[in-house]
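Notes to accompany the following structure.
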Amino acid sequence: MQPGMALQLPSQLPLAAEVSQRKGSVWLVRDDGARIPLRTGMAIVPGDIVETANQASVSLHLPHGEDVILPSNSRVVIKRQGHSGTRLYLERGELEANVPSQHHHSDVLRIETPTSIIGVRGTHFRVSYGDDTTLVSTLAGEVALSHEGQTVSVPAGQGARSSAMSPVQTATLLPAPVVQEGGQPFDRSLQINLSKVEDAVAYHVQLARDPSFQNIIHDKCSASPTVTFDSVSQGFYYARSSAFDSLGIEGHQDHQLILHRPIEASLEVIDDGYRFHWTRIPRLEHRLQLSEDATFDEPFMNRSFATSQGVTLHNLPTDDFFWRVLVFGTIGEFADDSAVVASGR
């Protein structure tokens with residue numbers, strides 16, 4: 001360099017992961033065993049352990065632009081973060097990663113499990129570990145799975161399984177089941193009906209508010225293509241579906257936006273009577289029943305409402321009664337039989 005010349009050095013990458021999204025009970029476990037609830041924006045450094053509880057999730061943004069999502073019941077150790085890449089150790093559960101394409105030849109992200117090592121340059125993939133078995137699904141790009149001296153390339157559309165007792169097995173990912181319409185319960189539970197996938201042994205559905213599923217709200221697996229979530233509040237959700245094959249490898253994903261609109265009902269006691277109110281949905285019949293006993297064998301009121309959102313009643317024969325609101329569906333849209341959506345005394 002000549003005197004007076006200025007040298008501009010490139011800015012250094014931050015060497016800490018950051019919590020970008022979280023839902024439910026998620027903890028940061030320090031070396032001394034201290035458990036700290038994770039907050040959005042919190043930094044995660046080498047040596048830290050991130051752990052999610054049941055029905056919880058967290059999304060981490062790593063130094064090279066990678067996004068790693070940990071769903072329920074997962075535990076990962078941040079082993080290393082630096083300019084050459086990040087190394088994570090998946091002790092249990094699963095993770096999903098989106099890794100930007102890299103121009104250099106070293107692995108920017110390495111996932112280790114007790115049985116395998118997964119090297120990544122740029123791709124979208126899932127890894128899970130449990131029962132001494134590692135499962136990998138590559139959705140885009142390519143990963144390299146190393147197991148007991150054997151390295152297997154797992155390109156997009158392929159999955160792999162490794163365990164302590166067997167060599168690596170690979171398979172083509174199953175197609176994604178499609179979320180079908182109809183069959184939604186009338187209460188706060190949300191029922192997702194999936195198309196059947198040939199050779200599937202189980203199905204997986206996740207609900208999120210965002211299409212990238214950075215913030216997973218509900219997560220459930222089922223042996224049936226019908227998956228029901230309890231106590232889901234009203235609103236729009238992205239539902240993501242996939243299927244597992246006989247090796248336990250999770251297949252392709254499909255997602256779509258759905259509207260969950262449960263029917264709710266309430267009773268308000270007023271000065272001269274009772275006011276009942278319920279959620280009205282077109283083409284559904286609402287029936288209000290009042291009875292002096294909980295069996296409703298002989299209700300003293302059994303009235304149907306097709307267009308109203310409620311009713312106010314006066315001069316009832318008794319002030320000690322049971323009540324319930326039933327809904328009858330329309331053929332071709334909902335089940336024909338009735339469903340109790342609210343009740344009380």
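These numbers come from a predicted model, not from an experiment.
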message = Could you check whether atom CG of Asn315 has more than 12 heavy atoms from other residues, nucleotides or ligands sitting under 6.0 Å from it?
response = no
task = Could you verify whether a donor N or O on one side chain and an acceptor N or O on the other, from Asp131 and Thr133, lie under 3.5 Å apart?
result = no
query = Of the options Val143, Leu95, Thr134, which is the one that meets Ile111 in a side chain to side chain contact (heavy atoms under 4.5 Å, CB included)?
reply = Leu95
task = Determine the minimum heavy-atom distance between Val179 and Gln256, stating which atoms define it.
result = O-NE2, 3.1 Å
inquiry  = Determine whether a donor-acceptor pair (N or O, by modelled atom type, separation under 3.5 Å) exists between the side chain of Ser137 and the backbone of Glu250.
reply    = yes
inquiry  = Just verifying a value: how many Å separate Ser291 OG and Asn302 CG, rounded to the nearest 0.5 Å?
reply    = 10.0 Å
ask   = So Arg35 and Ile49, side chain to side chain contact (heavy atoms under 4.5 Å, CB included) or not? Walk me through it.
value = CA-CA 9 Å; Arg35 296 170 66 84; Ile49 299 172; over 6 Å; no
key: All ring pair (Phe, Tyr, Trp, His ring centres under 6.0 Å) counterparts of His61, not counting sequence neighbours   = none
request  = For atom NZ of Lys79, decide whether the heavy atoms of other residues, nucleotides or ligands shown that lie under 6.0 angstrom number more than 12.
outcome  = yes
Can you give each donor-acceptor pair under 3.5 Å made by side-chain atoms of residues 267-274, sequence neighbours left out, with the distance rounded to 0.1 Å?
unit_1, atom_1, unit_2, atom_2, d
Glu268, OE1, Arg275, NH1, 3.3
Tyr274, OH, Asp319, OD1, 2.9

inquiry  = Tell me whether Ser241 contacts the main-chain N or O of Pro177 through its side chain, where contact means a donor paired with an acceptor under 3.5 Å.
reply    = yes
Which atom pairs, donor and acceptor, lie under 3.5 Å between side-chain atoms of residues 206-213 and protein residues at least two apart or in another chain?
unit_1, atom_1, unit_2, atom_2, d
Gln206, OE1, Arg240, NE, 3.1
Gln206, OE1, Arg240, NH2, 2.6
Gln206, NE2, Asp219, OD2, 3.0
Arg209, NH1, Phe236, O, 2.8
Arg209, NH2, Tyr237, OH, 3.2
Asp210, OD1, Asn215, N, 3.3
Asp210, OD2, Ser212, OG, 2.7
Asp210, OD2, Phe213, N, 3.0
Asp210, OD2, Gln214, N, 2.7

request  = May I ask you to say whether Arg75 pairs ionically with Glu51, meaning some side-chain N is under 4.0 Å from a carboxylate O?
outcome  = yes
request  = Taking the side chain as every heavy atom from C-beta outward, state whether Lys23 and Ile216 have any atom pair closer than 4.5 Å.
outcome  = no
task = Any chance you could measure Glu292, atom CD, to Leu290, atom CG, to the nearest 0.5 Å?
result = 10.5 Å
inquiry  = Would you compute the distance between atom CG of Leu70 and atom CZ of Arg22 and round it to the nearest 0.5 angstrom?
reply    = 13.5 Å
key: Donor-acceptor contact present, side-chain Ser20 to main-chain Ser59, <3.5 Å   = yes
ask   = Between Phe125 and Val99, is any pair of side-chain heavy atoms under 4.5 Å apart?
value = yes
request  = Give the minimum heavy-atom separation between Arg161 and Ile249, together with the two atoms involved.
outcome  = N-CD1, 4.2 Å
note = Between Gln55 and Ile217, the two heavy atoms sitting closest are OE1-O, 4.0 Å
Distance, nearest 0.5 Å, that separates OG1 of Thr86 from CZ of Arg80 = 8.0 Å
query = Out of curiosity, does Phe300 fall in the hydrophobic cluster containing Val325 (side-chain heavy atoms, cut-off under 4.5 Å, transitive links)?
reply = yes
ask   = Side chains of Pro175 and His252: does their closest heavy-atom pair fall under 4.5 Å?
value = no
inquiry  = So does Tyr89 get a backbone contact from the side chain of Tyr129, meaning a donor-acceptor N/O pair under 3.5 Å?
reply    = no
remark   = Interatomic distance, CG@Leu90 vs OG@Ser74, rounded to 0.5 Å, equals 6.5 Å
request  = Might you work through the side chain to side chain contact (heavy atoms under 4.5 Å, CB included) test for Leu88 and Arg110, ending with a clear yes or no?
outcome  = CA-CA 6 Å; Leu88 306 178; Arg110 176 179 290 187; over 6 Å; no
ask   = Mind checking whether Trp323 and Phe276 have parallel, tilted or perpendicular rings, split at 30° and 60°?
value = perpendicular
query = Does the distance from a Lys or Arg side-chain N to an Asp or Glu carboxylate O, for Arg126 and Glu94, drop under 4.0 Å?
reply = no
message = When you compare the side chain of Asp245 with that of Val201, does any pair of heavy atoms fall below 4.5 Å?
response = no
inquiry  = What's the separation between atom OG1 in Thr226 and atom CG in Asn193, rounded to the nearest 0.5 Å?
reply    = 4.5 Å
key: Side-chain touch Arg287/Arg324, heavy atoms, less than 4.5 angstrom   = no
key: Ser146-Thr151 side chain donor-acceptor pair, cut-off 3.5 Å   = yes
request  = Give a yes or no answer on whether the side chain of Ser72 reaches the backbone of Ala56 with a donor-acceptor pair at less than 3.5 Å.
outcome  = yes
inquiry  = Applying a strict under-4.5 Å side-chain criterion to I, L, V, M, F, W and Y, I'd like to know whether Val232 and Val227 cluster together.
reply    = yes
Residue pair Ala97 / Val68: nearest heavy atoms and the distance that separates them = CB-CG2, 4.1 Å
inquiry  = If I compare all heavy atoms of Ala200 with all of Ala243, which pair ends up nearest, and what's the gap?
reply    = CB-CB, 3.8 Å
key: Exam field: side chain Thr52 to backbone Asn73, donor-acceptor pair closer than 3.5 Å   = yes
ask   = Do Leu313 and Trp278 share a hydrophobic cluster, counting only Ile, Leu, Val, Met, Phe, Trp and Tyr and linking them when any side-chain heavy atoms are less than 4.5 Å apart?
value = yes
Residue pair Val77, Glu91: steps toward the side chain to side chain contact (heavy atoms under 4.5 Å, CB included) verdict = CA-CA 7 Å; Val77 182; Glu91 289 189 353; 3.5 Å; yes
query = Does some side-chain heavy atom of Leu38 sit less than 4.5 Å from a side-chain heavy atom of Ile44?
reply = yes
remark   = All heavy atoms of Gly251 vs all of Ser242, minimum pair found to be O-CB, 4.0 Å
message = Any non-hydrogen side-chain atom of Val19 less than 4.5 Å from a side-chain atom of Leu60?
response = yes
ask   = Does one side chain, of Thr172 or Gln158, offer a donor that lies under 3.5 Å from an acceptor on the other?
value = yes
message = If you apply the rule side chain to side chain contact (heavy atoms under 4.5 Å, CB included), what do you find for His286 with Leu288, and how did you get there?
response = CA-CA 7 Å; His286 301 73; Leu288 174 63; over 6 Å; no
ask   = Any side-chain heavy atom of Ile258 within less than 4.5 Å of one from Ile192?
value = yes
inquiry  = Hydrophobic clustering (ILVMFWY, side-chain heavy atoms < 4.5 Å, transitive) - are Leu135 and Leu145 grouped together?
reply    = no
query = Does His218 reach the main-chain N or O of Phe229 with its side chain, forming a donor-acceptor pair under 3.5 Å?
reply = no
query = Is the side chain of His147 donor-acceptor paired with the backbone N or O of Pro167 at a distance under 3.5 Å, no angle test?
reply = no
request  = Please check if Val108 and Leu62 belong to a single hydrophobic cluster, counting links between Ile, Leu, Val, Met, Phe, Trp and Tyr side chain heavy atoms closer than 4.5 Å.
outcome  = yes
